[in-house]
Chemist: 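My questions will all concern the structure given below.
Note that the structure is predicted; figures quoted are calculated from it, not measured.
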Amino acid sequence: MTGTVPASTRWKVVCAYDGTPFHGWQSQPTGNAIQDVIERQLAKVVHQPLRVHGSGRTDSGVHALGQVFHFDAPWSHGADKLRLALQAGLPRSIQLKSLRRAPATFHARFSARGKIYRYQIVCGDADPFTAPFSWSVRAPLDWDRMQAAAELLRGTHDFWAFSAENGTRRESTIRTLKRLVLHRSGRRIRLTLEADGFLFKMARGLTGALVAVGSGKLDSCDIAELLRTGRRIPEVQTAPPEGLFLVRVIY
């Protein structure tokens, strides 16, 4: 569709990226965050500097299949041409999957009702083509123990002990983990996590805790105690970023 588009038009974008070469999603002084790269290309296309607003940050090295961001910009040539113009100047590691107009009330972060993450584990050494997108765990993992711990984690809890937040709590750390599913195929384990919101590094903290249970460093009683007290302990390792994918933002 063509024609005059008001300057206040809001655009919603779904993008995928390989987070390996970037310093996370959120803009950084180095200019090497995914947000920085997109904003530089957007400024070239619309001939003015603009800020894009993401659904939330992903850490350095974390990947996305369905990150969402929005921005306001004047454009009179239709959504498809805007997407193509933006994509043309982006590296192959960032792909714009869709771009469309959105209501002025839409906000990529504040309109979100939940998120789905996926974490990939390889038992033993991953091959060179899998290693950049998974965590190679060399210790034997007890599948039944991990499943029992996952059952305790599902539901509404205070997940402070599984986050990497520092300092005092500025907001509620209670979240509802609607889904925590473990799937095993040969040496590969895939975790699917869905919640109404995630604390800082919470998905990686939960993954690290489950691996600690599977390797015998923790048990289900320890998981229950972590949920009760909210106190982080050294055995809860934050899983490496390369195995984590933001799959979908739910609106």
Chemist: Answer yes if the side chains of Arg232 and Thr238 hold a donor-acceptor pair under 3.5 Å, and no otherwise.
Modeler: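 Yes, because at least one side-chain N or O of Arg232 sits under 3.5 Å from a partner of the opposite role on Thr238.
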Chemist: Only one of Ile38, Val68, Val52, Leu96 passes side chain to side chain contact (heavy atoms under 4.5 Å, CB included) with Val13; say which it is.
Modeler: Leu96
Chemist: Considering only NZ, NE, NH1 and NH2 on the basic side and carboxylate oxygens on the acidic side, decide whether Arg175 and Glu171 come within less than 4.0 Å.
Modeler: yes
Chemist: Test of understanding: with side chain to side chain contact (heavy atoms under 4.5 Å, CB included), list the residues that count as partners of Thr176, not counting sequence neighbours.
Modeler: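 Here the qualifying residues are Thr156, Lys178, Asp196.
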Chemist: Using side-chain heavy atoms (C-beta onward) and a distance below 4.5 Å, is Ile116 in contact with Arg179?
Modeler: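 In contact.
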Chemist: Could you give all pairs that pass the side-chain hydrogen bond (donor to acceptor under 3.5 Å, both in side chains) test and reach residues 104-125, with sequence neighbours left out?
Modeler: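 Non-adjacent pairs meeting side-chain hydrogen bond (donor to acceptor under 3.5 Å, both in side chains): Asp125-Arg138.
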Chemist: Residues two or more places apart in sequence or in another chain: which of them pass side-chain hydrogen bond (donor to acceptor under 3.5 Å, both in side chains) with Arg190?
Modeler: none
Chemist: Does anything in residues 141-155 pair up under side-chain hydrogen bond (donor to acceptor under 3.5 Å, both in side chains), and if so which pairs, sequence neighbours excluded?
Modeler: Glu151-Arg154
Chemist: For Ser163 and Leu199, which heavy atoms make the closest approach, and how far apart are they?
Modeler: CB-CB, 3.7 Å
Chemist: How many angstroms lie between atom OG1 of Thr207 and atom CD1 of Ile121, to the nearest 0.5 angstrom?
Modeler: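 Going from the OG1 atom of Thr207 to the CD1 atom of Ile121 covers 6.0 Å.
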Chemist: Please assess Leu141 against Val211 for the test side-chain contact (heavy atoms from CB on, under 4.5 Å), listing each intermediate value before the final yes or no.
Modeler: CA-CA 7 Å; Leu141 297 178; Val211 168; 4.1 Å; yes
Chemist: List the residues meeting side-chain hydrogen bond (donor to acceptor under 3.5 Å, both in side chains) with Ser55, not counting sequence neighbours, and say none if there are none.
Modeler: Gln67
Chemist: Can you confirm whether Ile174 sits close enough to Phe159 that some side-chain heavy atom of one is under 4.5 Å from a side-chain heavy atom of the other?
Modeler: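 Counting from C-beta outward, Ile174 and Phe159 never come under 4.5 Å.
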Chemist: Can Leu177 be reached from Leu227 by stepping across I, L, V, M, F, W or Y side chains whose heavy atoms are under 4.5 Å apart?
Modeler: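 Yes, Leu227 connects to Leu177 through the hydrophobic network.
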Chemist: State yes or no: do Val247 and Tyr17 share one hydrophobic cluster built from I, L, V, M, F, W and Y residues joined by side-chain heavy-atom distances below 4.5 Å, directly or via other members?
Modeler: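 In one cluster with Val247: Tyr17, no.
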Chemist: Taking C-beta and beyond as the side chain, do Ser27 and Gln35 meet within less than 4.5 Å on heavy atoms?
Modeler: yes
Chemist: Does Gln41 have any side chain to side chain contact (heavy atoms under 4.5 Å, CB included) partners at least two apart in sequence or in another chain, and if so, which?
Modeler: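 Result, side chain to side chain contact (heavy atoms under 4.5 Å, CB included) vs Gln41: Lys44, Val45, Leu86, Leu90.
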Chemist: Are His53 and Phe71 close enough that their ring centres sit under 6.0 Å apart?
Modeler: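 For His53 and Phe71, the ring centres are not under 6.0 Å apart.
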Chemist: For the CD1 atom of Ile34 and the SG atom of Cys15, what is their distance to the nearest 0.5 Å?
Modeler: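 That separation rounds to 7.5 Å.
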Chemist: Any non-hydrogen side-chain atom of Phe106 less than 4.5 Å from a side-chain atom of His70?
Modeler: yes
Chemist: Which atom pair, heavy atoms only, marks the closest approach of Gly66 to Val14?
Modeler: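 Closest pair (atom of Gly66, atom of Val14, distance): CA-CG1, 3.9 Å.
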Chemist: Going by the salt bridge (Lys or Arg N to Asp or Glu O under 4.0 Å) test, which pairs reach into residues 199-223, not counting sequence neighbours?
Modeler: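 Residue pairs passing salt bridge (Lys or Arg N to Asp or Glu O under 4.0 Å), neighbours aside: Asp59-Arg204.
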Chemist: List the atom of Ile189, the atom of Cys123, and the distance in Å for their closest heavy-atom pair.
Modeler: CD1-SG, 3.9 Å
Chemist: Should Asn32 and Gln28 be marked as a side-chain contact (heavy atoms from CB on, under 4.5 Å) after you check the CA-CA gap, both sets of side-chain angles, and the distance that decides it?
Modeler: CA-CA 7 Å; Asn32 191 42; Gln28 298 293 323; over 6 Å; no
Chemist: Please round to the nearest 0.5 Å and tell me the distance separating atom CH2 of Trp75 and atom NZ of Lys81.
Modeler: 8.5 Å
Chemist: Please say yes or no: joined through hydrophobic side-chain contacts below 4.5 Å, possibly via intermediate residues, are Leu206 and Ile233 part of one cluster?
Modeler: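 They do share one cluster, since a chain of ILVMFWY contacts under 4.5 Å joins Leu206 to Ile233.
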Chemist: Got a sec, which pairs hit side-chain hydrogen bond (donor to acceptor under 3.5 Å, both in side chains) with one end in residues 82-91, sequence neighbours left out?
Modeler: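 Not a single pair qualifies under side-chain hydrogen bond (donor to acceptor under 3.5 Å, both in side chains).
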Chemist: Check whether the side chains of Thr130 and Arg188 place a donor and an acceptor atom closer than 3.5 Å, and report yes or no.
Modeler: yes
Chemist: Which heavy atom of Ser134 sits nearest to which heavy atom of Ala126, and what is that distance?
Modeler: OG-CB, 3.8 Å
Chemist: Hey, could you give me the OG/CD distance between Ser98 and Gln95, rounded to the nearest 0.5 Å?
Modeler: 10.0 Å
Chemist: Looking at side-chain heavy atoms only, is the closest gap between Val181 and Leu191 below 4.5 Å?
Modeler: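 In short, these two side chains do not touch, never coming nearer than 4.5 Å.
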Chemist: Working to the nearest 0.5 Å, report the span between CG of Leu65 and NZ of Lys97.
Modeler: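 Between Leu65 CG and Lys97 NZ, I get 6.0 Å after rounding to 0.5 Å.
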Chemist: Can you tell if the side chain of Phe162 reaches within under 4.5 Å of the side chain of Leu226, non-hydrogen atoms only?
Modeler: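 Of all side-chain heavy-atom pairs linking Leu226 with Phe162, at least one is under 4.5 Å.
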Chemist: Would you say Val249 and Phe245 are hydrophobically clustered, going by side-chain heavy atoms of ILVMFWY under 4.5 Å?
Modeler: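 Different hydrophobic clusters.
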Chemist: Do Leu244 and Phe22 share a hydrophobic cluster, counting only Ile, Leu, Val, Met, Phe, Trp and Tyr and linking them when any side-chain heavy atoms are less than 4.5 Å apart?
Modeler: no
Chemist: Please identify each residue that fulfils side chain to side chain contact (heavy atoms under 4.5 Å, CB included) with Ala149, with sequence neighbours left out.
Modeler: Leu210, Val213, Ser220, Ile223
Chemist: Compare every heavy atom of Gly54 with every heavy atom of Ala108, then report the nearest pair and how far apart it is.
Modeler: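 Looks like CB-C, 3.9 Å.
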Chemist: State, to 0.1 Å, how close Ala73 and Val46 come at their nearest heavy-atom pair, and which atoms those are.
Modeler: CB-CG1, 4.2 Å
Chemist: With side chains defined as the heavy atoms from C-beta onward, is the minimum distance between Leu82 and Trp11 less than 4.5 Å?
Modeler: yes
Chemist: How would you list, by chain and number, every residue that makes a side chain to side chain contact (heavy atoms under 4.5 Å, CB included) with Arg228, sequence neighbours excluded?
Modeler: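 Only Glu225 meet the side chain to side chain contact (heavy atoms under 4.5 Å, CB included) criterion with Arg228.
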Chemist: Going by side-chain hydrogen bond (donor to acceptor under 3.5 Å, both in side chains), name the residues that satisfy it together with Thr20, two or more places apart in sequence or in a different chain.
Modeler: Asp18
Chemist: Which ring pair (Phe, Tyr, Trp, His ring centres under 6.0 Å) pairs, counting each pair once, include a residue from residues 23-52, with sequence neighbours left out?
Modeler: Trp25-Phe69
Chemist: Could you check whether any side-chain heavy atom of Asp72 comes within less than 4.5 Å of a side-chain heavy atom of Leu50, counting everything from C-beta outward?
Modeler: no
Chemist: When you look at Arg101 and Thr9, which way does the side-chain contact (heavy atoms from CB on, under 4.5 Å) test go after all the steps?
Modeler: CA-CA 7 Å; Arg101 298 181 190 182; Thr9 297; 4.2 Å; yes
